[in-house]
K.L.:
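First the structure, then my questions, so here it is.
Index from 1, following the sequence.
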Amino acid sequence: MPEISAIPDPQRAGVRMQWGVRICLRDGIHLNATLYLPRHHHATPAPAIFTLTPYTGQAFHDRALYFAAHGYPFLTVDVRGRGNSEGAFRPLIQEAQDGYDVVEWLALQPYCNGQVAMWGGSYAGYDQWATAKERPPHLATIVPAASAYVGIDFPMRNNISFPYLMQWLTLVAGRTLQDRIFWSNDRFWRDRYRRWLESGEPFKELDTFLGNPSPIFREWIAHPYLDTYWDRYNPTADEYAMLSLPILTITGTYDADQPGALAHYCAHLTHSSEESRARHYLVIGPWDHAGTRTPQLEFCGINAGPESLLDLDKLHLEWYAWTLQGAPKPKFLKKPVAYYVLGTNKWRYADTLRKVTAEYRRFYLDSTGCASAVVSAGTLGDEPGSGPSDHYVYDPRDVRIAEAEATLTDPLALRPTFPTDNVRDQGHVLANEGHQLLYHSAPFGHDAEISGYFRLSAWIAIDQPDTDFRASVYEIDLNGGSVLLTTDCIRARYREGLRKPQLIGTTDSLRYDFERFTFVSRQIRKGSRLRLLIGPINSIYFEKNYNSGGIVAEETINDARSVTVRLFHDKTYPSVLEVPFGQSEG
């Protein structure tokens, strides 16, 4: 079994810590940093590493000790307006120019040899991309883990927001970390989300409802779909094209920011030169969000297998040694893409992310016209369906699910909120019976690897101008046990694109293409089946769409309209799930 690197004793390692280092930015604002210096920093300047964080530098004390003990000066830097840094905190948008200034300041320090690298995940993964797009001359490499792509997976996914925004904004409220509140007993936040849903109040008032009025929340909510406001946070096509430094992207199959991490990865490979593409490596592990920094054998109800415990600290060290000091390439990076197949306890490799998938097979939806319960589910078959359409009725005024969700974990969450989420929990599927559609494949005749992105084309008719859909795919084993594989969602008004809001003005069937499922890699066992679930988003964990066609964040329960959703699956309107089979099937 691989061993995770032990955090060294700073006395034995000879690490010196300097508190309260002041970094002057171009506008005169000073950021606060804690500096960790290796034993021999006076004799030979070395490449320096830093992380830029809103969670205050003390959160990464152990990581700083680790890298300093291995010869790299390391700084934990509080972002503007947080911790002991000066200025006002405006999440995400401020980090590009500030990151540039930190790189260039650090390159001039006597312990640094002029080469600067970055480390970090989540917010600190995003700000690596934000810094890199400014192209500071001394930035030598980035290793973004679980990096958000602003507007794609945070603070909304597919233009659908979630109450978690206010939980996170509370975490970073003020200058000190509100971690005890953020990680409060699960019921604390679930109960508040439940009371908000049951109140029928508009989503834009959520900050006040939760007791933390937030101008940032209001600003974000005022931009409900992708536009130039969100574009300014992320690299442009030209900025991706200009990036020539080596990059190691890290994410997980159950990482809440996987869509963002892979959006950055794919955008860079799409727009960059062949030479730059060859210097960008990708690791997709069997991890949740936190596991992209510290892998755990068990998470979300899954036991990933001992080989899943990749020593990411060691991989970082080997990456920095290769890209900054001319050492050999890390042995783990056998090809540009490394991914772990759950159920096999094996890592696999591919030349590109696309080549992870060997082929797509079509599974056509069909039923006898009643697919709203597990025992009467429709089918996923080899030929286009011939049965009558299925339907469900969704009334936004029905908030009975809130009571169940306040006690259940949420395996369907598109952005997991709590670390106890269990992808094996079927409570939500059973609680929503009669208000969703389910389809099952035949049992698999042999083990098969499913690796890549699912795609779903569904012919749907609605009788209101808008509503939200959620599609989820599961493995159902021989004993009826369930494992969530992947999810996607569509708000009907964005059927034609995330930048093109257009209300539905017809009751005719229209094709909805679910093309933003999360990446999955899992071996499906002989005898298991696939389950496809399509239903409304009626949850304490998501912004409530009352189906009226107005500004969603401003709607209340008084605007609610019941919607009838019909899904067609015949030769004229063939609804189909495309399943990505991996390289090792058979």
Side-chain angles (χ1 to χ4, degrees), residues 2 125 141-147 149 240 243 246-255 257-287 291-292 295 302 304-305 307-312 314-316 318-319 322-323 328-361 446-455 473 475 485-486 488 515-524 578-586:
T141 186
I142 60 173
V143 189
S147 51
Y149 189 109
Y240 281 119
L243 293 179
I247 301 170
L248 174 59
T249 289
I250 299 172
T251 186
T253 46
Y254 289 97
D255 172 18
D257 279 315
Q258 183 210 104
L262 293 181
H264 283 298
Y265 172 80
C266 292
H268 179 246
L269 265 63
T270 297
H271 299 293
S272 62
S273 67
E274 182 177 353
E275 180 182 3
S276 294
R277 292 195 295 272
R279 304 175 78 189
H280 193 162
Y281 284 75
L282 171 65
V283 176
I284 308 177
W287 309 315
T292 60
I302 289 176
E307 291 300 318
S308 69
L309 296 177
L310 179 63
D311 189 336
L312 289 175
K314 181 181 178 183
L315 179 61
H316 277 76
E318 293 175 345
W319 176 268
W322 177 44
T323 58
K329 185 178 75 172
K331 291 182 179 180
F332 177 78
L333 302 177
K334 298 176 182 179
K335 288 189 175 183
V337 177
Y339 62 101
Y340 184 93
V341 185
L342 279 162
T344 67
N345 193 33
K346 292 180 180 179
W347 289 91
R348 291 182 60 79
Y349 296 88
D351 292 321
T352 67
L353 186 57
R354 181 173 295 180
K355 289 183 178 180
V356 167
T357 302
E359 64 171 324
Y360 275 93
R361 296 184 190 173
H446 51 75
D447 292 351
E449 179 192 315
I450 289 179
S451 290
Y453 295 96
F454 281 81
R455 299 191 296 239
V473 183
E475 177 188 359
L485 301 180
T486 184
D488 194 10
E515 297 179 319
R516 300 181 183 90
F517 283 100
T518 50
F519 176 93
V520 62
S521 184
R522 182 178 179 85
Q523 181 169 264
I524 304 300
E578 296 186 69
V579 179
F581 284 85
Q583 302 290 336
S584 63
E585 185 198 353

K.L.:
So, for Tyr254 and Leu485, which heavy atoms are closest and what is the spacing to 0.1 Å?
P.N.:
OH-CA, 4.1 Å
K.L.:
Which residues pass the salt bridge (Lys or Arg N to Asp or Glu O under 4.0 Å) test with Glu578, not counting sequence neighbours?
P.N.:
Arg455
K.L.:
With sequence neighbours excluded, what pairs up with Arg522 under the salt bridge (Lys or Arg N to Asp or Glu O under 4.0 Å) test?
P.N.:
Glu475
K.L.:
Between Leu315 and Pro330, what is the shortest heavy-atom contact and its length?
P.N.:
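Taking every non-hydrogen atom into account, CD1-CB, 3.9 Å.
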K.L.:
Measure across Lys335 and Asp351 and return the closest heavy-atom pair with its distance rounded to 0.1 Å.
P.N.:
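Smallest interatomic distance, heavy atoms only, reads CD-OD1, 3.5 Å.
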K.L.:
A side-chain contact here means heavy atoms from C-beta on lying under 4.5 Å apart; do Asp447 and Thr344 qualify?
P.N.:
no
K.L.:
Side chains of Pro286 and Ile302: closer than 4.5 Å at any heavy-atom pair?
P.N.:
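Not touching, per the 4.5 Å side-chain cut-off.
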K.L.:
Is the backbone of Ser308 close enough, under 3.5 Å, to the side chain of Trp287 for a donor and an acceptor to pair up by distance?
P.N.:
yes
K.L.:
Of all residues at least two apart in sequence or in a different chain, which pass the side chain to side chain contact (heavy atoms under 4.5 Å, CB included) check with Pro580?
P.N.:
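Result, side chain to side chain contact (heavy atoms under 4.5 Å, CB included) vs Pro580: Thr357, Tyr360, Ile450, Phe454.
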K.L.:
To the nearest 0.5 Å, what is the distance between CG on Leu333 and CG on Leu248?
P.N.:
6.0 Å
K.L.:
Holding to salt bridge (Lys or Arg N to Asp or Glu O under 4.0 Å), I want the full list of residues that pass it with Arg516, two or more places apart in sequence or in another chain.
P.N.:
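Salt bridge (Lys or Arg N to Asp or Glu O under 4.0 Å) check on Arg516 returns nothing, list empty.
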K.L.:
Could you go step by step and tell me if Val283 and Leu310 meet the side-chain contact (heavy atoms from CB on, under 4.5 Å) rule?
P.N.:
CA-CA 10 Å; Val283 176; Leu310 179 63; 4.3 Å; yes
K.L.:
Roughly how far apart are Glu307 CD and Lys346 NZ, rounded to 0.5 Å?
P.N.:
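Rounded to the nearest 0.5 Å, the CD-NZ separation comes to 10.5 Å.
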K.L.:
Looking only at heavy atoms, what is the nearest atom pair of Asn345 and Ala304, with distance?
P.N.:
OD1-O, 4.4 Å
K.L.:
Under a 4.5 Å cut-off applied to non-hydrogen side-chain atoms, are Leu353 and Ile284 in contact?
P.N.:
yes
K.L.:
Sequence neighbours left out, what passes side chain to side chain donor-acceptor pair (under 3.5 Å) with His280? Give chain and number order.
P.N.:
Thr249, His268
K.L.:
Could you check whether any side-chain heavy atom of Ser272 comes within less than 4.5 Å of a side-chain heavy atom of Leu243, counting everything from C-beta outward?
P.N.:
no
K.L.:
Identify, with sequence neighbours excluded, every residue that meets side chain to side chain donor-acceptor pair (under 3.5 Å) alongside Tyr265.
P.N.:
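Result, side chain to side chain donor-acceptor pair (under 3.5 Å) vs Tyr265: none returned.
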K.L.:
Restricting to side chain to side chain donor-acceptor pair (under 3.5 Å), what partner residues turn up for Tyr240, sequence neighbours left out?
P.N.:
His264
K.L.:
Assess whether side-chain contact (heavy atoms from CB on, under 4.5 Å) is satisfied between Asp257 and Thr251, documenting all intermediate values.
P.N.:
CA-CA 8 Å; Asp257 279 315; Thr251 186; over 6 Å; no
K.L.:
To the nearest 0.5 Å, what is the distance between CD1 on Ile142 and CD1 on Ile247?
P.N.:
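Ile142 atom CD1 to Ile247 atom CD1 measures 4.5 Å (nearest 0.5 Å).
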K.L.:
As an exercise, state the distance from OH of Tyr339 to CZ of Phe519, rounded to the nearest 0.5 Å.
P.N.:
7.0 Å
K.L.:
Check Ala145 against Thr292 and note the closest heavy-atom contact, atom names and distance.
P.N.:
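Minimum heavy-atom contact is CB-O, 4.1 Å.
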K.L.:
More than 12 heavy atoms of other residues, nucleotides or ligands under 6.0 Å from NZ of Lys355: yes or no?
P.N.:
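Not buried by this count: 12 neighbours or fewer within 6.0 Å.
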K.L.:
Could you work out, with side chain to side chain contact (heavy atoms under 4.5 Å, CB included) as the rule, every residue matching Ser273, not counting sequence neighbours?
P.N.:
Glu275, Ser276
K.L.:
Ignoring hydrogens, what is the shortest heavy-atom contact between Gly125 and Ser147? Give both atom names and the distance.
P.N.:
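So the minimum-distance heavy-atom pair works out to C-CB, 3.4 Å.
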K.L.:
What distance separates Arg348 CZ from Ser451 OG, expressed to the nearest 0.5 Å?
P.N.:
7.5 Å
K.L.:
Could you give me the CA-CA distance, side-chain angles and deciding distance for His316 and Ile250, then say whether side-chain contact (heavy atoms from CB on, under 4.5 Å) is met?
P.N.:
CA-CA 11 Å; His316 277 76; Ile250 299 172; 3.8 Å; yes
K.L.:
Apply the test side-chain contact (heavy atoms from CB on, under 4.5 Å) to residues Val473 and Val520: give CA-CA distance (whole Å), side-chain angles for both, the deciding distance (0.1 Å), then the verdict.
P.N.:
CA-CA 10 Å; Val473 183; Val520 62; over 6 Å; no
K.L.:
By side chain to side chain donor-acceptor pair (under 3.5 Å), which residues pair with Thr486, not counting sequence neighbours?
P.N.:
Thr518
K.L.:
Run the side chain to side chain contact (heavy atoms under 4.5 Å, CB included) test against Lys334 and tell me which residues pass, sequence neighbours left out.
P.N.:
Tyr349
K.L.:
Under the rule for side chain to side chain contact (heavy atoms under 4.5 Å, CB included), what residues qualify as partners of Thr141, not counting sequence neighbours?
P.N.:
Ala117, Pro246, Trp319, Tyr320, Thr323, Leu324
